[in-house]
Chemist: 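Got a structure for you, questions after.
Here is how names work: the chains are called A, B, and so on, in the same order as the sequence lines, proteins then strands, and each is numbered from 1.
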Amino acid sequence: MGINLKDLTVIKPINLAELRGKKLGVDAYNMLYQFLSSIRQPDGMPLQNSEGVVTSHLRGLLSRVSYLNSEGIKLCFVFDGVPHPLKRRLLDERKERKKKAQREWEEALIVGDLERARMKAQQTSILTDKMIDETKEVLDALGVPWVQAPSEGEAQAATMVRDGILDAVASQDFDTLLYGAPIMIRNLTLSGKRKLPRQQKWINIEMEKIVLEKVLEENQITQEQLIDLAILIGTDYNRGIHGIGPKKGIKIIKECGNAEKCLEKLDQQIDNLDELRKMFLDTKIYSTKNVEVNWKEPVKSKTIELLCGKYEFSKSRVDNALDKFFGPGKGKAEQVTLGDFK
DNA sequence: CCGGGCAA
DNA sequence: TTGCCCGGG
């Protein structure tokens, strides 16, 4: 789930109005996974149609997309392609953790501990290729564009922002900054409330804007140093140096200048250092060039056929969502905000 | 996660 | 209006 760069980032709270008229590249996997894991019943079961086809991801997608669209925010979904081989270790670890969570979910159900059951169920979430295909089909029906990245979606999205095709990348993951996305948006949600795991507490979640240039400026480091720092802390693609977190990491990278010198000083080693850097730095290698994105009106009949027919959503819910693409709110899209968005 | 419904 | 709970498929 990326690295924790929160301590080093300059976070600016942002509201929906500031995003009006903006084109956002959505880290599709990131968003769908959140839906799949959180839209669940008390016992932990996801939503499904009468044939047992899971629909939580589509349920979340419909409300998120329609709402943001009614606010004049244009989304372009960016899907992950083939993961870099160095990610294998992480993916295998995740798979094991999910197996364990599956067992614990079943155990919690037997004991009747619903809260624990739900929590464990969330951890079992696996976004399948089928779900990804279903999502693309629904997006097509809604007229919402999507892009298939050859490798990491975040690299693709970052490139599109740098190329001026999009305004920002929407993701929870700070990796987005490593890929050089000039602007990222976190917590692209509607209601600001979220339940804290294991606790009765609710906290307010605000949308956040993070400008890469400001992060570098604030820490007095270069993009290359940010990447080296992340590698020292540990990324999805490599284990970090034990005892080095954001705090010690920033200190030592500024002191030594680059990862090699840090490693020398710490008498440590990191495999594939150059390959890791290349992946974050030469993003274009891992992105498709000349992609085009177009926003269209939803095809109502197709949307209803899919969501109400195949997935058995209620007609009123789908109608309501579709209205947000046409109804009174549509005018908001025209009130494009000016300025350089920084 | 989010919207609708209903209570305060 | 605001807050909380529930159901969604």
Side-chain angles (χ1 to χ4, degrees), chain A residues 1 15-16 19 24 26-73 75 77 105 114-115 117-128 130-135 137-139 141-142 144 170-173 185-208 298 302-329 332:
Chain A
M1 282 260 95
N15 55 41
L16 277 176
L19 290 176
L24 306 182
V26 176
D27 179 351
Y29 182 93
N30 194 267
M31 187 179 276
L32 293 170
Y33 185 86
Q34 285 177 55
F35 292 145
L36 184 61
S37 99
S38 60
I39 304 181
R40 283 171 185 267
Q41 293 170 293
D43 64 355
M45 286 297 282
L47 302 186
Q48 327 173 22
N49 74 3
S50 56
E51 286 166 10
V53 174
V54 174
T55 56
S56 293
H57 56 304
L58 300 173
R59 177 67 186 76
L61 181 82
L62 182 70
S63 56
R64 185 74 64 89
V65 166
S66 62
Y67 176 75
L68 292 174
N69 187 80
S70 76
E71 291 293 329
I73 298 163
L75 303 183
F77 284 75
W105 178 15
L114 275 190
E115 200 186 340
R118 199 174 191 284
M119 187 182 82
K120 289 300 166 187
Q122 290 188 218
Q123 295 170 0
T124 66
S125 305
I126 295 172
L127 203 56
T128 63
K130 183 163 163 281
M131 291 176 190
I132 297 290
D133 290 341
E134 292 161 354
T135 303
E137 194 182 22
V138 169
L139 288 172
L142 288 171
V144 175
S171 174
Q172 294 303 101
D173 235 324
I185 306 289
R186 297 184 78 233
N187 306 333
L188 186 72
T189 69
L190 333 186
S191 113
K193 287 187 175 163
R194 193 169 300 178
K195 188 150 183 214
L196 248 42
R198 288 264 87 178
Q199 293 172 52
Q200 304 285 67
K201 275 196 209 155
W202 291 75
I203 45 163
N204 252 346
I205 299 286
E206 280 190 304
M207 274 202 275
E208 300 171 345
K302 181 69 185 168
T303 308
I304 290 166
E305 180 193 316
L306 273 177
L307 295 180
C308 301
K310 191 170 173 189
Y311 302 116
E312 300 168 10
F313 283 31
S314 85
K315 182 74 162 45
S316 61
R317 201 186 282 283
V318 175
D319 282 340
N320 188 267
L322 280 170
D323 284 345
K324 296 203 172 127
F325 285 83
F326 300 98
K332 287 180 180 173

Chemist: May I ask you to decide if E206(A)'s main-chain N or O and R186(A)'s side chain share a donor-acceptor pair within less than 3.5 Å?
Modeler: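 No, R186(A) side chain to E206(A) backbone: no donor-acceptor pair under 3.5 Å.
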Chemist: Report which part of the nucleic acid S50(A) touches: base, sugar-phosphate, or nothing (heavy-atom distance under 4.0 Å, all strands).
Modeler: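 No contact at all - S50(A) keeps every heavy atom at 4.0 Å or more from the nucleic acid.
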Chemist: Compare the minimum distances between each of dG8(C), dC2(B), dG3(B) and the side chain of L47(A), then state the nucleotide with the smallest one.
Modeler: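 Minimum distance to the L47(A) side chain belongs to dG8(C).
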Chemist: Could you tell me the separation between the CG atom of L307(A) and the C1' atom of dC2(B), rounded to a whole number of Å?
Modeler: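 About 16 Å, once rounded to whole Å.
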Chemist: Please report, rounded to the nearest Å, how far the P atom of dG3(B) is from the NZ atom of K315(A).
Modeler: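 Taking atom P of dG3(B) as the reference, NZ of K315(A) is at 20 Å.
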Chemist: Between T55(A) and L58(A), is there a donor-acceptor pair closer than 3.5 Å when you use the side chain of the first and the backbone of the second?
Modeler: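 Such a contact is absent between T55(A) side chain and L58(A) backbone.
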Chemist: For S38(A), which contact category applies under a 4.0 Å heavy-atom criterion: base, sugar-phosphate, or nothing?
Modeler: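 Base, at least one base heavy atom under 4.0 Å.
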Chemist: On the nucleotide dG8(C), are OP1 or OP2 found under 4.0 Å from the side-chain N or O atoms that R40(A) carries?
Modeler: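 No.
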Chemist: Provide, to the nearest angstrom, the distance between the CZ atom belonging to F35(A) and the C1' atom belonging to dC1(B).
Modeler: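 One finds 6 Å between C1' of dC1(B) and CZ of F35(A), rounded.
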Chemist: Between the side chain of R118(A) and the main-chain N/O of R40(A), is any donor-acceptor distance below 3.5 Å?
Modeler: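 Side chain of R118(A) to backbone of R40(A): a pair is present.
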Chemist: How many Å lie between CZ on R64(A) and P on dC1(B), as a whole number?
Modeler: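 Going from R64(A) (CZ) to dC1(B) (P), I get 8 Å.
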Chemist: Taking atom P of dC1(B) as reference, at what distance in whole Å does atom CZ of R186(A) sit?
Modeler: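 That distance rounds to 14 Å.
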Chemist: Does the side chain of E137(A) come within less than 4.5 Å of K302(A)'s, by heavy atoms?
Modeler: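 Result yes, sub-4.5 Å side-chain heavy-atom pair found.
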Chemist: Between C1' on dG4(B) and CG on D323(A), what's the gap in Å once rounded to a whole number?
Modeler: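 Going from D323(A) (CG) to dG4(B) (C1'), I get 16 Å.
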Chemist: Ignoring backbone atoms, test whether R59(A) places a side-chain nitrogen or oxygen under 4.0 Å from the OP1 or OP2 oxygen of dC2(B).
Modeler: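 For dC2(B), neither OP1 nor OP2 has a side-chain N or O of R59(A) closer than 4.0 Å.
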Chemist: Could you tell me how far apart D319(A) (CG) and dG4(B) (C1') are, to the nearest whole angstrom?
Modeler: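 Taking CG of D319(A) and C1' of dG4(B), I get 16 Å after rounding.
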Chemist: Nearest to the side chain of R118(A), heavy atoms from C-beta on, is which of dC2(B), dC1(B), dG3(B)?
Modeler: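 Comparing dC2(B), dC1(B), dG3(B) against the side chain of R118(A), the answer is dC1(B).
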Chemist: Identify whether any heavy atom of E312(A) sits under 4.0 Å from a base atom; if not, whether one sits that close to sugar-phosphate; answer base, sugar-phosphate or nothing.
Modeler: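 Sugar-phosphate contact only - E312(A) comes under 4.0 Å of backbone atoms but never of a base.
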Chemist: Under the 3.5 angstrom rule, does the side chain of E312(A) hit a backbone N or O of L307(A) as a donor-acceptor pair?
Modeler: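 Looks like no, no N/O pair under 3.5 Å.
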Chemist: State which of dG3(B), dG8(C), dC2(B) makes the closest approach to the side chain of I39(A).
Modeler: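 Selected nucleotide (nearest to the side chain): dG8(C).
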Chemist: Rounded to whole Å, how long is the line connecting atom CD of Q172(A) with atom C1' of dC1(B)?
Modeler: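 To the nearest whole Å, that distance equals 12 Å.
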